[in-house]
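So that the names make sense, note that chain A is the first sequence line, chain B the second, and so on, each numbered from 1. Fair warning: this is a prediction, and the values are worked out from it, not measured in the lab. Computed over heavy atoms, backbone and side chain alike; hydrogens, waters and symmetry mates excluded.
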There are 2 protein chains.
Amino acid sequence: MNIETAAAQLEALGNPTRLNIYRTLVRAGGSGLPVGKLQLKLDIAASTLSHHIRKLVEVNLVSQERQATTLICRANYASMNGLLGYLADECCIDETGACAPAASEVAA
Amino acid sequence: MNIETAAAQLEALGNPTRLNIYRTLVRAGGSGLPVGKLQLKLDIAASTLSHHIRKLVEVNLVSQERQATTLICRANYASMNGLLGYLADECCIDETGACAPAASEVAA
DNA sequence: TCGATCCTTCTAGAAAGTTAGAATTATAGG
DNA sequence: CCTATAATTCTAACTTTCTAGAAGGATCGA
């Protein structure tokens, strides 16, 4: 994980609509959700949703699998863990102990 | 922590320059860094730096303290921890265990 | 092959972000 | 009060993002 990748993933999550998409996918669990179901849940235009999903896919936070005519979207937990690890390691080093849990978690 | 706050903080960090600013402040430790030192380290225009710092201050990821003519900037570890906690709780719930460490960490 | 469903891509306009030079404010020292 | 230092705000140009209607591509059943 380098700083450019981390920034790109943070930027992808740094939009309320996309963060909501991602959170909805996480709550959907391992089976994921088709794009159409996401559209119904979030009530946004199909083209808008498609663009947002593409951004999340581009930074590897979401993966897609085609099943016939529907496209299943799933949250990529490994990528999120990588991002959380980067932030804990690179951006939360605190000798006062305020960030100790996260930092020690990775070191342990 | 609500989704709007989380998105705003993620957006603030989702720019390579700002993420670099934040990381530099983290590495500077509890004593922080004056804006001028940040400018020398990062080699960007003063006005540009000021705008980026303001964004980080607005979302409470960075705090500032005036000492005579210099403004000391410090990373706000508590805010970063709050953000990491939100992501672990709301966006990394994985029954397969891939995200279990982060989720259990907060619950414990 | 035709039609239906599902989703993406095209296109375009409005809105917001990024950058930095110039001017301005804030603070302190002489 | 004047000057110097430190940083912000103003301004403007450029780029990017966001949104969504319209058109197009992919897949499958009949």
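Counting to the nearest Å, the P atom of dT18(C) and the CG atom of Leu42(B) are 15 Å from each other. Rounding to whole angstrom units, CG of residue Leu56(B) and C1' of dA7(D) are separated by 16 Å. The interatomic distance linking Lys37(B) (NZ) with dA6(D) (C1') rounds to 13 Å, in whole Å. Distance Leu40(A) CG to dC7(C) C1': 13 Å, rounded to the nearest Å. Rounded to whole angstrom, the span from the CG atom of Leu10(B) across to the P atom of dG17(C) amounts to 15 Å. For the pair Leu71(A) CG and dT8(C) C1', the interatomic distance rounds to 9 Å; values are reported in whole Å. To the nearest angstrom, P of dT27(C) lies 13 Å from CD of Gln64(B). The CG atom of Leu49(B) sits 14 Å away from the P atom of dA6(D) (whole-angstrom rounding).
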Do any side-chain atoms of residues 32-49 of chain B form donor-acceptor pairs under 3.5 angstrom with protein atoms, and if so which ones, sequence neighbours left out?
{"unit_1": "Gln39(B)", "atom_1": "NE2", "unit_2": "Ile44(B)", "atom_2": "O", "d": "3.4"}

Side chains of residues 14-26 of chain A: which donor-acceptor pairs under 3.5 Å do they make with residues two or more places apart or in other chains?
{"unit_1": "Asn15(A)", "atom_1": "OD1", "unit_2": "Thr17(A)", "atom_2": "N", "d": "2.9"}
{"unit_1": "Asn15(A)", "atom_1": "OD1", "unit_2": "Arg18(A)", "atom_2": "N", "d": "3.1"}
{"unit_1": "Arg18(A)", "atom_1": "NE", "unit_2": "Ala12(A)", "atom_2": "O", "d": "2.7"}
{"unit_1": "Arg18(A)", "atom_1": "NH1", "unit_2": "His52(A)", "atom_2": "ND1", "d": "3.0"}
{"unit_1": "Arg18(A)", "atom_1": "NH2", "unit_2": "Glu11(A)", "atom_2": "O", "d": "3.4"}
{"unit_1": "Arg23(A)", "atom_1": "NH1", "unit_2": "Glu90(B)", "atom_2": "OE1", "d": "3.1"}
{"unit_1": "Thr24(A)", "atom_1": "OG1", "unit_2": "Asn20(A)", "atom_2": "O", "d": "2.7"}

Pairs under 3.5 angstrom only: tabulate donor-acceptor contacts from the side chains of residues 61-76 of chain B to other protein residues two or more places apart or in another chain.
{"unit_1": "Glu65(B)", "atom_1": "OE1", "unit_2": "Arg74(B)", "atom_2": "NH1", "d": "2.8"}
{"unit_1": "Glu65(B)", "atom_1": "OE1", "unit_2": "Arg74(B)", "atom_2": "NH2", "d": "3.3"}
{"unit_1": "Arg66(B)", "atom_1": "NH1", "unit_2": "Ala68(B)", "atom_2": "O", "d": "3.0"}
{"unit_1": "Thr70(B)", "atom_1": "OG1", "unit_2": "Gln67(B)", "atom_2": "O", "d": "3.1"}
{"unit_1": "Arg74(B)", "atom_1": "NE", "unit_2": "Gly30(B)", "atom_2": "O", "d": "2.7"}
{"unit_1": "Asn76(B)", "atom_1": "OD1", "unit_2": "Ala78(B)", "atom_2": "N", "d": "3.3"}
{"unit_1": "Asn76(B)", "atom_1": "OD1", "unit_2": "Ser79(B)", "atom_2": "N", "d": "3.4"}
{"unit_1": "Asn76(B)", "atom_1": "ND2", "unit_2": "Asn60(B)", "atom_2": "O", "d": "3.1"}

Protein proximity profile, nucleotides 14-26 of chain D - base contact B, sugar-phosphate-only contact S, no contact -, cut-off 4.0 Å on heavy atoms: ---SSBBBB----
Chi angles and distances behind the side-chain contact (heavy atoms from CB on, under 4.5 Å) call for Lys55(A), Val59(A): CA-CA 7 Å; Lys55(A) 286 219 171 186; Val59(A) 299; over 6 Å; no
Candidate pair Leu13(A) and Met80(A), rule side-chain contact (heavy atoms from CB on, under 4.5 Å), full reasoning: CA-CA 10 Å; Leu13(A) 293 174; Met80(A) 174 59 89; 3.8 Å; yes
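Here Thr70(A) lies in heavy-atom contact (under 4.0 Å) with sugar-phosphate atoms only. Nucleic acid contact class of Ala46(B) (heavy atoms, under 4.0 Å, all strands): base.
Distance check, rounded to the nearest 0.5 Å: OH of Tyr86(A) to CD1 of Ile3(A) gives 4.0 Å.
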